[in-house]
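The next block holds one structure in the form of structure tokens; read it before the comments.
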Amino acid sequence: MFGGGRGNVRQQTLEDIAENIRERKFKRIVVMAGAGISTPSGIPDFRTPGSGLYDNLQQYNLPYAEAIFEINYFHHNPNPFFALAKELYPGNYQPNLTHYFIRLLHDKGQLLRMYTQNIDGLERMAGIPPKMLVEAHGTFATATCTVCRQNYKGEELRNDIMEGTIPKCPTCKGIIKPDIVFFGEELPQQFFTYLTDFPIADLLIVMGTSLEVEPFASLAGAVRGSVSRLLINRDLVGPFAWGSQRHNDVAELGDVVSGVKKLVELLGWKQELEVLMNVGGERVMEK
Ligand code: APR
């Protein structure tokens with residue numbers, strides 16, 4: 001898969017990583033995730049040719065696909081974003097096995113943090129506590145008036161968005177925008193938690209992301225050289241695609257759920273994960 005590495009150091013395998021997790025040698029695990037972990041839940045990702053969101057925005061007559069998440073375009077015409085928000089608004093989708101695997105890492109005290117680019121809220125729905133999450137591209141859980149900066153709960157916008165009405169601030173009549181990070185906007189302050197997390201991480205797991213968007217993508221290179229990095233993704237991305245020379249990089253290519261299932265089998269956590277998913281499913285259904 002990769003170059004021969006240096007000298008006679010053996011290339012690490014998924015089995016090596018599983019053994020170190022199972023024996024709790026790895027107990028400060030950082031996860032980096034993107035839209036590819038939510039496609040098994042029925043939410044399209046952005047860049048998979050054909051099915052990705054950016055290939056399916058013709059109806060909005062955008063100058064180019066990413067404009068739908070650009071702050072300047074939003075001020076020019078907020079309708080495409082709110083039409084998309086209606087489709088993506090949390091509440092219509094359930095977390096999948098991948099989200100519950102990360103929840104299980106947390107329950108076992110081995111998750112240091114999950115850095116997600118996703119705005120679908122499925123991590124919280126799977127029971128991963130907000131303090132364990134860095135929602136680097138924001139969230140629908142909260143919203144802010146674009147004029148007077150008044151803060152709102154995401155739930156307060158739900159009816160307008162579902163009815164196709166642009167949410168307006170009762171105080172100043174300005175448009176209220178969900179706290180999704182648009183291209184051209186600052187990332188949340190919490191993103192900078194990486195400055196203390198990544199230097200102490202003892203395993204990095206990268207899942208379901210093309211690693212195309214900065215500054216999130218660069219985090220993949222922010223763990224120490226001695227730290228193992230596991231990619232679970234359909235294809236090689238970021239440093240894994242540049243012909244990484246690290247002997248401790250491992251790539252489990254293919255469907256993310258299959259890759260996670262293979263890891264869970266090696267960990268001997270299949271039973272626990274099924275219990276968690278059943279309980280999680282019921283709880284989520286109760287809401
Ligand atoms: N199994 C494995 N890999 C998958 C699956 C799956 N079921 N579904 C998708 N993938 C992979 C794709 O092959 C791709 O490599 O996940 C990756 C998804 O990449 P993108 O669609 O680019 O999504 P993401 O990396 O999250 O995009 C980053 O771009 O537009 C911005 O703000 C937006 O947060 C988003 C950012």
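Whatever order the structure lists them in is the order used to number ligands and atoms, beginning at 1.
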Would you say the ring centers of Phe183 and Tyr73 fall short of 6.0 Å from each other?
no
Verify the cluster assignment for Val147 and Phe74: are they in a single hydrophobic cluster under the rule of side-chain heavy atoms below 4.5 Å apart?
no
Counting N and O atoms only, with roles assigned by atom type, does the side chain of Tyr115 sit under 3.5 Å from a partner on the main chain of Tyr194, one being a donor and the other an acceptor?
yes
Using a cut-off of 6.0 Å, state whether more than 12 heavy atoms not belonging to Lys108 lie near its atom NZ.
yes
Does CD belonging to Gln59 count more than 12 external heavy atoms closer than 6.0 Å?
yes
Can you give each donor-acceptor pair under 3.5 Å made by side-chain atoms of residues 204-228, sequence neighbours left out, with the distance rounded to 0.1 Å?
unit_1	atom_1	unit_2	atom_2	d
Thr209	OG1	Gln117	NE2	2.8
Thr209	OG1	Leu211	N	3.1
Glu214	OE1	Ser218	N	3.0
Glu214	OE1	Ser218	OG	2.7
Glu214	OE2	Ser218	OG	3.2
Arg224	NE	Pro199	O	2.9
Arg224	NH2	Ala201	O	2.7
Ser228	OG	Gln12	OE1	2.7

Students should find this: residues with any non-hydrogen atom under 4.0 Å from ligand 1. What is the answer?
Gly34, Ala35, Gly36, Thr39, Asp45, Phe46, Arg47, Thr48, Tyr54, Gln117, His137, Phe183, Gly208, Thr209, Ser210, Val213, Asn233, Arg234, Asp235, Gly254, Asp255, Val256
